[in-house]
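Here the structure is a predicted model, which is why all the values come from computation and not from measurement. So you know, we letter chains A, B, ... as the sequences are listed, proteins then strands, and number each from 1.
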Protein chains: 2
Amino acid sequence: MADKPGIEINLTAVIMAVEGDRPVIFASSQGKERPAGLPSGPFDPVHHRTLELGLRGFAVDQAGLELGYVEQLYTFGDRGRHVPEDIETHPDALPHVVSIGYLALTRIAGEVQTSASFRDLYRYFPWEDWRGGKPAVIDSFILPALHRWAGCVEEEKHAPVRRGLSREERIALYFGNEDLLFDEEKVLERYELLYDAGLVAEAIRDRRLPISSEVPPLGESMVFDHRRILATALGRIRAKLKYRPVVFEMLPESFTLTELQRKVEAIAGHHLHKQNFRRLVETGGLVEPTGQQTTTGGRPAATFRFRREVLTERPAPGLRLGRGT
Amino acid sequence: MADKPGIEINLTAVIMAVEGDRPVIFASSQGKERPAGLPSGPFDPVHHRTLELGLRGFAVDQAGLELGYVEQLYTFGDRGRHVPEDIETHPDALPHVVSIGYLALTRIAGEVQTSASFRDLYRYFPWEDWRGGKPAVIDSFILPALHRWAGCVEEEKHAPVRRGLSREERIALYFGNEDLLFDEEKVLERYELLYDAGLVAEAIRDRRLPISSEVPPLGESMVFDHRRILATALGRIRAKLKYRPVVFEMLPESFTLTELQRKVEAIAGHHLHKQNFRRLVETGGLVEPTGQQTTTGGRPAATFRFRREVLTERPAPGLRLGRGT
DNA sequence: GTAATAGTGTCTTTCAGACAGTATGAC
DNA sequence: GTCATACTGTCTGAAAGACACTATTAC
């Protein structure tokens, strides 16, 4: 039971908001061209009573934000995934940082605040935003590159895959094909697939691969495993939208149904069927009219507020969002 | 970036199986009357390449089991939840163990093996097994005790509850009432509620409460936060049954549909509608007939096996189980 | 035959998903 | 009037949930 030297627990926060109809996250970088990083720091039990309080502390220090909604995502044991070759001779060279990722949701106040450091989430995952139709990069670059990578291992393709999926199966399952839809929740699976295939900058960094000349890495990279944590966060919130009223953490007190729909679409990454969305939101008892109206160009819209009572009425109050037009 | 002294990462495994129609978990205790504990141990990066490999090591050492399916549950920062009063003067007395809980699913081989240490899961959560109807302990003891506890804080009841639910709201939401069903997935929420109300032995231990004379603590207790991890595991697998074919990890190669249903019911904690269950399983493409039959007392049953292909055909292949007869 | 377990056919209600159409503002 | 946005009414098909009924063994 002696102290294990050399283990550090790192807390990392994905602080998410929606600015207009663009999902944003808080990130900062040392220099203009350096990869960005999420607010994070070491957990120190002498100063932080709980893990979550430690995380909230870093959010105040590094982002100037008092967090409201916070949830734990996952604990990663291999922050720098690269395992040095001289592992036998230098066991201390082993990874010794365990990072615990958290998701926090917040509102962007109308003011400027530190808003300069809230960045568009889809800069890091350009293949995840389908609101303008299927992102061109998927067919023009991702799928060809993945299939090339899968083709490298002919022997594996026919070998009985030991507990797991073949490369081609993963590609089909996570990016879709004629039979299978693109499942917007599988954000982490897609990122990990691209990482394994060496198509994101972090993979090149961790495995010390040569930087391929004409193949541009996909999306902006981040330090350590921060983009993996970000992928976990996006996958989690996309799933959670459907059974928990989490969107309202990112909305102002009152809003129109169209605003609500825009924000949901921003996170979900695709458009929704307008009429059905309104029906679900209203018959689901998620919102109630404020009686006020806004004027936004066309016919004035009624404004609504979140109905807190829904939490104590229905077991899983979310926005069962199907796909839409 | 200096090493933080005094932080230890503990890995804890919930190893679950279904023996006949009883869900069991692996646990062991030092003495006959001592609380049991789950397989666990410190994560040591010098010997374990990843967190999960470390966990698998403890499973082999302490349970003699090679684990198949493993998933991470949650990371708890407050294993011994009690915070000493002299916190200011003795900061080293603070909790400094972070436990990462894992869920592993396995088959119980027909042989005896270490099966002596597989124990009925519902010994630890007697209020979670509704297969014989609503457990009597809920109405006879749990709800009266919880309402007494909620009644202690009249002032809180009317105060605006700061980000969160009132005691009465939690009781209704997690144990159900006339309007709200008992939601079988909220296992952790129920355990935490009972903990907060001082109705489980761990709460008395952690807060050094006097042991109430006539109030018997609910269920068997466990060391440290192991029962909390177990509650997390049960909640997680009950949820996951519905969208992932995880039951099959606990079933033999071939089985009858009734056997399958019994095992699902064992985990879900309530009975299912037989005809609908069969329809869902077959039309969902989760199983395929083996062509064999078994003889089990009445009409022989056709045996089935898990259809692996379903993983690559449908996005969320689970057993959308509604309640049943 | 009865008891016990396995399996089929069909009806009803709910609701996701889509259609078309109307209402109220700015200009 | 047109354009733009907000909102309403209704149809359809899939599937969850429940009903009654038939089938094949052991005894």
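- Annotation: cation-pi geometry not satisfied between A:R170 and A:F175 (NZ/CZ under 6.0 angstrom from ring centroid, within 45° of ring axis).
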Sort me out a list of protein N/O and nucleotides 23-27 of chain D N/O pairs below 3.5 Å, or just none if empty.
residue : atom : partner : partner atom : Å
D:dA23  : O4'  : B:R299  : NH1          : 3.3
D:dA23  : N3   : B:R299  : NH1          : 3.0

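- An angle of 10°, rounded to 10°, separates the two end axes of the helix from C:dG1-D:dC27 to C:dC27-D:dG1, each defined over five pairs.
- The distance between the ring centers of B:F255 and B:F306 does not fall below 6.0 angstrom.
- Here the C1' atom of nucleotide D:dT5 and the CZ atom of A:R262 are 10 Å apart, to the nearest Å.
- Atom-to-atom, NZ of A:K274 to C1' of D:dT5 comes out at 6 Å; the value is rounded to the nearest Å.
- B:T303 and B:T290 share a donor-acceptor pair across their side chains, judged by distance under 3.5 Å alone.
- Residue A:R278 contributes atom CZ, which lies 18 Å from atom C1' of D:dT10 at whole-angstrom precision.
- Here B:E169 does not pair with A:R308 in a salt bridge; the nearest charged N to carboxylate O distance is not below 4.0 Å.
- In this entry the distance linking CD of B:E282 with P of C:dA6 reads 13 Å, nearest Å.
- Residues B:K186 and B:D183 are paired through a salt bridge, judged by an N-O separation under 4.0 Å between the basic side chain and the carboxylate.
- Using the six-membered ring where Trp is involved, A:F118 and A:F26 have ring planes that are perpendicular, over 60° apart on the 30 and 60° scheme.
- A:V14 pairs in a side chain to side chain contact (heavy atoms under 4.5 Å, CB included) with only one of the listed residues (A:I229, A:I237, A:L234), which is A:I229.
- Both cation-pi conditions hold for B:R190 and B:F182: the charged atom is under 6.0 angstrom from the six-membered ring centre and inside a 45 degree cone around its axis.
- Counting to the nearest Å, the P atom of C:dA6 and the CZ atom of B:F277 are 12 Å from each other.
- Remark: the B:R279 side chain and the D:dG17 base include a donor-acceptor N/O pair separated by less than 3.5 Å.
- Within the 4.0 Å cut-off from OP1 or OP2 of D:dA6, at least one side-chain nitrogen or oxygen of A:T258 is found.
- Distance NE2 (B:H273) to C1' (D:dA20): 11 Å, rounded to an integer number of Å.
- In summary, A:K263 and A:D21 do not engage in a salt bridge, as defined by a charged side-chain N under 4.0 Å from a carboxylate O.
- Regarding B:N276, its CG atom lies at a distance of 13 Å from the P atom of D:dA15, rounded to whole Å.
- Regarding A:L272, its CG atom lies at a distance of 10 Å from the P atom of C:dG17, rounded to whole Å.
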